[in-house]
Peer 1: 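After the C-alpha cells below, expect a handful of questions from me.
It should be emphasised that the depicted structure is a prediction, and the values quoted were computed from it without experimental measurement. So you know, we letter chains A, B, ... as the sequences are listed, proteins then strands, and number each from 1.
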Amino acid sequence: MSADRGQRRTRAGKDVRAMIRGATMGHRLSNREVADILLQIADMLEIRGEVVYKALAYRRAAQSILDLGRDINEVWAEGGLRRIPGVGEALEKKLDELLRTGRLQYYEELQEEIPPGVVSLLAIPEVGPKTARLLWERLGATSVAEVEEAARAGRLRELPGLGARSEQRILEGIRTLYQRSKRIPLGVAWPIAMELLEQLRNLPGVEEASAAGSLRRMCPTIGDVDLLAAAKDGAAVTDAFTRFPQVAEVVVHGPTKATVILENGVQADLRVLPRERWGSLLQYFTGSKGHNVALRALAQSKGLSLSEYGYKRGNEEILCGEESQVYEMLGLPWIPPELREDRGEIQAAQEGRLPQLVELRHVRGDLHVHSDWSDGVTPVEELALAAGELGYEYLVVSDHTQSLAVASGLSAARFAEQRRLIDRLNARRQGAHILQGCELEIHADGSLDFPDDVLAGFDVVVASVHSGLRQTRDQVTARIMNALHNPHVDVIGHPTGRLLGQREASEVDIEAILQEAARTGTAIEVNGIPERLDLDDVHVKRAMELGVLIAIDSDAHSANALRAMYYGVAMARRGWANPRSVLNTRSLDQLQKWLRRRG
DNA sequence: GCCGTTTTCGGCCCGACTGTTTTCAGTCG
C-alpha cells in the first residue's frame, strides 16, 4: 500500500541530471542518488512500453541499494556489486560505469528519447506510464503545468481512452500533487490510526480491526494510514467509515474497500473481509510489496496461489483465519511485521535464524532525557516518577552542556548542583533510580565541551553533534571519531542529525563510525523522537552485523515524551536488534558494571 | 533484467475500483 508508492516512482522534484553533472565534477554518488537514477530508468522503460519486468528489475535493485546499510561506493570498490540482491550481469556493468565515471550512457540515451519532463508527469496521481505517454505524444506535454493547462482547456477529454471524468480526476490529482503534504512521521500517523481503529472496533459487526501497511511495519514515515477490519457485512463497515467525523472527502468507496482524506489532510484506506479470511487479509496488506512478492513466489513453487482472500490450490480454497497460518502453509514461522521488508527475512525464516527481537518490555531504563535544568520542561523528580510508572528501573538525566546556549546548556558548576539534587532524590527512592548524565556537545572543530576530569564525574555521557551539520563528510566523521575515542563517552547521540521532512542526514561515514564503535565498545543511539529515528533501521541492521551495541533513547524533553521509546524500539526491531545488543535492556546493576569497566 | 528444492530459459503476485468501455485498460496498492 503506502510504502509501495515510495519505491515505485522516482522521487518528485529531484533533478537527476544535476546530480549526474555533480558526479562528473568529482561528486561521489550516494546510495539515494544511484537508486534515484535506477528508478528514473525504470519509469522511462515503462513509458517506453518495455516489458514490465524490466522496469521491475530496476526498481528491485534500487530498493536493495537503499536497504544496503553501507555506502555503495565501498561495495563497488570491493567488487561486491553482484552480491546486491537484484543486481545481475547487466546492472553490475551499468553500476560500475556509473560509480566509476559518474555517468551512465544508457541513461543518457534514454533521456534523449524520453524527456525527463515526461517522467515527471508520473508524479500526478491517476497518471501512469500509459497516460504519460499519451499526454506527451498527443499533446506534447512535458510538464505538469502543461498538462494542467490542457486539462483546463478541455483537451484531455478528446484523447482516446480518456473522458471528461478522467480529465477532472487528473486535474484533482494535480491539485493534490501541489499541496500534497509529504510523508508523515510514524509518531504522527500512529495516534491518528489508533483513534480510527477505536471507532472501527465500536462499529456493529466488526470482529477485528488492525493497522496494516507501512504503519504496522513501523516504517519511519507513512504515506497513508492503512486500516483493516473483519466483518460479515463489509459494505456496512465501509459506509460507516466514510461517514466518520474526521473524514473530509471520500476518494474511493466500494463494498470491501474505501479511501478517504481526513480533515488533517492524511489519506486513510480501509479494507474489509469476513473473519475467516482475517489472517490472509492482515498478511497481504501489511506487505511490504517486496516481502509479499517473495512469499507468493514461494507459494507458487508449492502449487499454491496466495491473495488477500487466502490460498488456492486449483479450485480448492484454503482460508487463513490467523496470520500465522499464512506462514505456516509455506513451512515458515510467523515473521514479525517490522522485518517484512524483503531484506533477507524469508531466507532467515526458512533457515530458522530469525532474530529474537527486542521489545518495549525488555527496556529497563532511558539513557537520554532532558529536564527543566536545560531545555526540558519537566523537573528531575517528576521525570523519575514518570519513568517509574513506565516500569523503568533507572533514568539518565542528560541535560545539554554549556556551549549549547540555545538549549540552556549547563556549566560544570550547575551540573555539580544538579548532582546534589539527584543524590537527595535517590535517597527518597521514589520512581526510577536517577543517574546523572549529560548530552555533551561535540564542537564544530571536533573538541568536546568538557575536559576529561569533568566528564569523569558523570555516570553516563551521551555525545552529540548539534552544530556544523553541513560540514564535509570527512569533517563530521572526524568529529564523531574523536568523541568515540574519548573513554568517558558512552553513547553517540542521534548520529546523523536527520530531521524527517525537514533536514537531511549529515554527510557522515556511518560505516566507519560503526566499525570504530564496535572496536571501542561505545553504544550508538537509536533516538526515538519521531522526527529523528536516528540511527535508522537500515543502519541498525548494519550495526547488528558488526556487533555494535545500541542504546534506544527517548531524548524526551517532557515526562510525556518518554513514550517516544516506543518508536525507538520499533526502529531497532526493523534493524533486527535483539535484546542483548541493546545497552538499556540491562539491569541497573549490569549497566553500572558496564559503565565502571569503561571508566 | 533477474534468477533457479520442479527451470540456465521462461517464467516473473494478485485483486479492487474507476472510467470508458461493449469486454477491458489503466492505476493503485
Peer 1: Between Arg277(A) and Glu317(A) (salt bridge meaning N to carboxylate O under 4.0 Å), is one present in this structure?
Peer 2: yes

Peer 1: So which of Arg32(A), Glu33(A), Gln40(A) actually passes side-chain contact (heavy atoms from CB on, under 4.5 Å) with Asp36(A)?
Peer 2: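 Single side-chain contact (heavy atoms from CB on, under 4.5 Å) partner of Asp36(A) among Arg32(A), Glu33(A), Gln40(A): Arg32(A).
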
Peer 1: Verify the contact: side-chain N or O of Lys257(A) to OP1 or OP2 of dG29(B), cut-off strictly under 4.0 Å; return yes or no.
Peer 2: no

Peer 1: If we check side-chain contact (heavy atoms from CB on, under 4.5 Å) with Leu270(A), which of these qualifies: Leu228(A), Val237(A), Thr242(A)?
Peer 2: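 Only match with Leu270(A) under side-chain contact (heavy atoms from CB on, under 4.5 Å): Val237(A).
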
Peer 1: Salt bridge (Lys or Arg N to Asp or Glu O under 4.0 Å) for Arg340(A) and Glu323(A)? Distances and angles first, verdict last.
Peer 2: CA-CA 13 Å; Arg340(A) 301 183 197 170; Glu323(A) 194 179 42; 2.8 Å; yes

Peer 1: Among dC12(B), dA16(B), dC3(B), find the nucleotide with the atom closest to the side chain of Tyr309(A).
Peer 2: dA16(B)

Peer 1: To the nearest Å, give me how far apart CD (Glu172(A)) and P (dT27(B)) are.
Peer 2: 17 Å

Peer 1: Answer yes or no: does a side-chain N or O of Ser64(A) lie under 4.0 Å from OP1 or OP2 of dC2(B)?
Peer 2: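 False: Ser64(A) side-chain N/O out of range (4.0 Å or more) of dC2(B) OP1/OP2.
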
Peer 1: Applying salt bridge (Lys or Arg N to Asp or Glu O under 4.0 Å) to Glu46(A) and Arg59(A), what does each step give before you reach the verdict?
Peer 2: CA-CA 11 Å; Glu46(A) 247 186 348; Arg59(A) 293 208 175 99; 3.2 Å; yes

Peer 1: Do any side-chain nitrogens or oxygens of Tyr58(A) fall under 4.0 Å of OP1 or OP2 in dG1(B)?
Peer 2: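 So the side-chain polar atoms of Tyr58(A) do come within 4.0 Å of the phosphate oxygens OP1 or OP2 of dG1(B), strictly under.
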
Peer 1: What nucleotide, of dC3(B), dC14(B), dG1(B), holds the atom closest to the side chain of Arg296(A)?
Peer 2: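 The answer is dC14(B), which lies nearest to the side chain.
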
Peer 1: With nearest nucleotide decided by heavy atoms, which residue, Lys130(A) or Gly163(A), maps closer to the 5′ end of DNA chain B?
Peer 2: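 Going by which nucleotide is closer to the 5' end, it is Gly163(A).
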
Peer 1: What integer distance in Å separates Phe241(A):CZ from dA16(B):P?
Peer 2: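 Rounded to the whole Å, the gap is 18 Å.
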
Peer 1: Base, sugar-phosphate alone, or nothing: which one does Thr259(A) contact when heavy atoms must sit under 4.0 Å apart?
Peer 2: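 Nothing, no nucleic acid heavy atom in range.
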
Peer 1: Give Lys302(A) one of three labels, base, sugar-phosphate or nothing, depending on what nucleic acid heavy atoms sit under 4.0 Å from its own.
Peer 2: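 No contact.
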
Peer 1: Whole angstroms only, please: what is the CD-P distance between Glu126(A) and dG19(B)?
Peer 2: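 In whole Å, dG19(B) P and Glu126(A) CD are 8 Å from each other.
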
Peer 1: Taking only Lys NZ, Arg NE, NH1 and NH2, and the carboxylate oxygens of Asp or Glu, determine whether Arg542(A) and Glu545(A) approach each other closer than 4.0 Å.
Peer 2: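 Salt bridge present between Arg542(A) and Glu545(A).
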
Peer 1: Think Ser305(A) has a side-chain N or O under 4.0 angstrom from the OP1 or OP2 of dC13(B)?
Peer 2: no

Peer 1: Phosphate oxygens OP1/OP2 of dG19(B): is one of them under 4.0 Å from a side-chain N or O of Arg169(A)?
Peer 2: yes

Peer 1: Counting side-chain heavy atoms from C-beta on, which of dG15(B), dG1(B), dT18(B) comes nearest to Val252(A)?
Peer 2: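 From the listed options, dT18(B) comes nearest.
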
Peer 1: Out of dC17(B), dC13(B), dG15(B), which has the shortest distance to the side chain of Thr256(A)?
Peer 2: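 Ranking dC17(B), dC13(B), dG15(B) by closest atom to the Thr256(A) side chain puts dC17(B) first.
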
Peer 1: In Watson-Crick or G-U wobble terms, both distances under 3.5 Å, what is the partner of dG10(B)?
Peer 2: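 Here dG10(B) is engaged in a pair, and the nucleotide opposite it is dC3(B).
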
Peer 1: Counting side-chain heavy atoms from C-beta on, which of dG29(B), dC14(B), dC28(B) comes nearest to Asp224(A)?
Peer 2: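 For Asp224(A), the side-chain atoms sit closest to dG29(B).
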
Peer 1: Let's go through Glu208(A) and Arg275(A) carefully: what are the C-alpha distance in whole Å and the side-chain angles of both, what is the deciding distance for salt bridge (Lys or Arg N to Asp or Glu O under 4.0 Å) to 0.1 Å, and is it a yes or a no?
Peer 2: CA-CA 7 Å; Glu208(A) 299 278 354; Arg275(A) 178 66 182 82; 3.3 Å; yes

Peer 1: Give a yes/no on whether any side-chain N or O of Ser166(A) is located under 4.0 angstrom from OP1 or OP2 of dT20(B).
Peer 2: yes

Peer 1: Can you figure out which of dT27(B), dC12(B), dG29(B) approaches the side chain of Lys289(A) most closely?
Peer 2: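 So the side chain of Lys289(A) is nearest to dG29(B).
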
Peer 1: Between dC28(B), dG15(B), dG19(B), which nucleotide has the shortest distance from any of its atoms to the side chain of Arg165(A)?
Peer 2: dG19(B)

Peer 1: Specify the separation, in whole Å, of atom NZ of Lys54(A) and atom C1' of dG11(B).
Peer 2: 16 Å

Peer 1: Roughly how many Å is it from CG in Leu295(A) to C1' in dG15(B), rounded to a whole number?
Peer 2: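 Result: 17 Å.
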
Peer 1: Would you mind telling me which of dG15(B), dG1(B), dT6(B) lies closest to the side-chain atoms of Ser301(A)?
Peer 2: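 Minimum distance to the Ser301(A) side chain belongs to dT6(B).
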
Peer 1: Base of dG29(B), side chain of Tyr284(A) - is there a donor-acceptor contact under 3.5 Å?
Peer 2: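 Present.
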
Peer 1: Tell me the interatomic distance from Gln283(A), atom CD, to dC14(B), atom P, rounded to whole angstroms.
Peer 2: 13 Å

Peer 1: Take the protein atom CG of Leu121(A) and the nucleotide atom C1' of dT27(B), then report the distance between them rounded to whole Å.
Peer 2: 15 Å

Peer 1: Considering heavy-atom distances to DNA chain B, does Thr131(A) or Glu167(A) have its closest nucleotide positioned more toward the 5' end?
Peer 2: Glu167(A)

Peer 1: Taking only N and O in the side chain of Gln300(A), is any of them less than 4.0 Å away from OP1 or OP2 of dC12(B)?
Peer 2: yes

